[in-house]
Visitor: 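To start, I am sharing the structure in question, which I have written as structure tokens.
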Amino acid sequence: MYNEKAKISTMKYMKENRDKLTLNLPKGDKERYRKFAESQGKTLTSLICELLEKEILEKTENDVKAK
């Protein structure tokens, strides 16, 4: 059962172990992005992280090949 003690514990964990990122999007885009993520079996957060990691990996590989 989720109670005040569990809430405090969760908030402490989030503060110590997670970073928060806020995005400002045009009205309606968040819902469109969320629906797309859901259609892929992912949360919006996990999809954003996956796409960023993929882009970072590709750019890093391309930088190594260029040298």
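The chain is numbered in sequence order, starting from 1.
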Visitor: Before accepting this row, confirm whether a basic side-chain N of the pair K42/E38 lies closer than 4.0 Å to the acidic partner's carboxylate O.
Guide: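 Not counted as a salt bridge, because no side-chain N and carboxylate O are separated by less than 4.0 Å.
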Visitor: What residues form a side-chain hydrogen bond (donor to acceptor under 3.5 Å, both in side chains) with K35, not counting sequence neighbours?
Guide: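 K35 satisfies side-chain hydrogen bond (donor to acceptor under 3.5 Å, both in side chains) with no other residue.
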Visitor: Applying a strict under-4.5 Å side-chain criterion to I, L, V, M, F, W and Y, I'd like to know whether L21 and L52 cluster together.
Guide: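 Yes: a chain of side-chain contacts under 4.5 Å links L21 to L52.
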Visitor: Please examine the side chains of L23 and I48, heavy atoms only from C-beta on, and report whether any two atoms are closer than 4.5 Å.
Guide: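 Contact flag for I48/L23 side chains = yes.
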Visitor: Between CE of M11 and NZ of K7, what distance do you get to the nearest 0.5 Å?
Guide: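 Here the interatomic distance stands at 6.0 Å.
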Visitor: If you define the side chain from C-beta out and look only at heavy atoms, does anything of L57 sit under 4.5 Å from E61?
Guide: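 Answer yes - side chains close enough.
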Visitor: Measure the spacing between CG of L44 and CZ of R32 and express it to the nearest 0.5 Å.
Guide: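 It comes to 11.5 Å.
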Visitor: Quick one: does T60's side chain have a donor or acceptor within less than 3.5 Å of a partner on I56's backbone?
Guide: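 Yes; at least one donor-acceptor contact below 3.5 Å.
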Visitor: Can E50 and K54 be said to form a salt bridge (Lys or Arg N to Asp or Glu O under 4.0 Å), step by step?
Guide: CA-CA 6 Å; E50 181 182 302; K54 180 180 175 187; over 6 Å; no
Visitor: Is E55 paired with K59 through a side-chain N to carboxylate O contact shorter than 4.0 Å?
Guide: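 Salt bridge flag = yes for E55 with K59.
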Visitor: Under the 4.5 Å side-chain heavy-atom rule for ILVMFWY, direct or indirect, which residues accompany Y13?
Guide: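 Under the 4.5 Å side-chain rule, Y13 groups with M14.
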Visitor: Drop me the distance from K5's NZ to T10's OG1, to the nearest 0.5 angstrom.
Guide: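 With rounding to 0.5 Å, NZ (K5) is 12.0 Å from OG1 (T10).
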Visitor: Determine yes or no for a side-chain-to-main-chain donor-acceptor pair under 3.5 angstrom, with S39 supplying the side chain and F36 the backbone.
Guide: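 Present.
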Visitor: Is it true that L51 and L25 fall in one hydrophobic cluster, defined by side-chain heavy atoms closer than 4.5 Å?
Guide: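 Different hydrophobic clusters.
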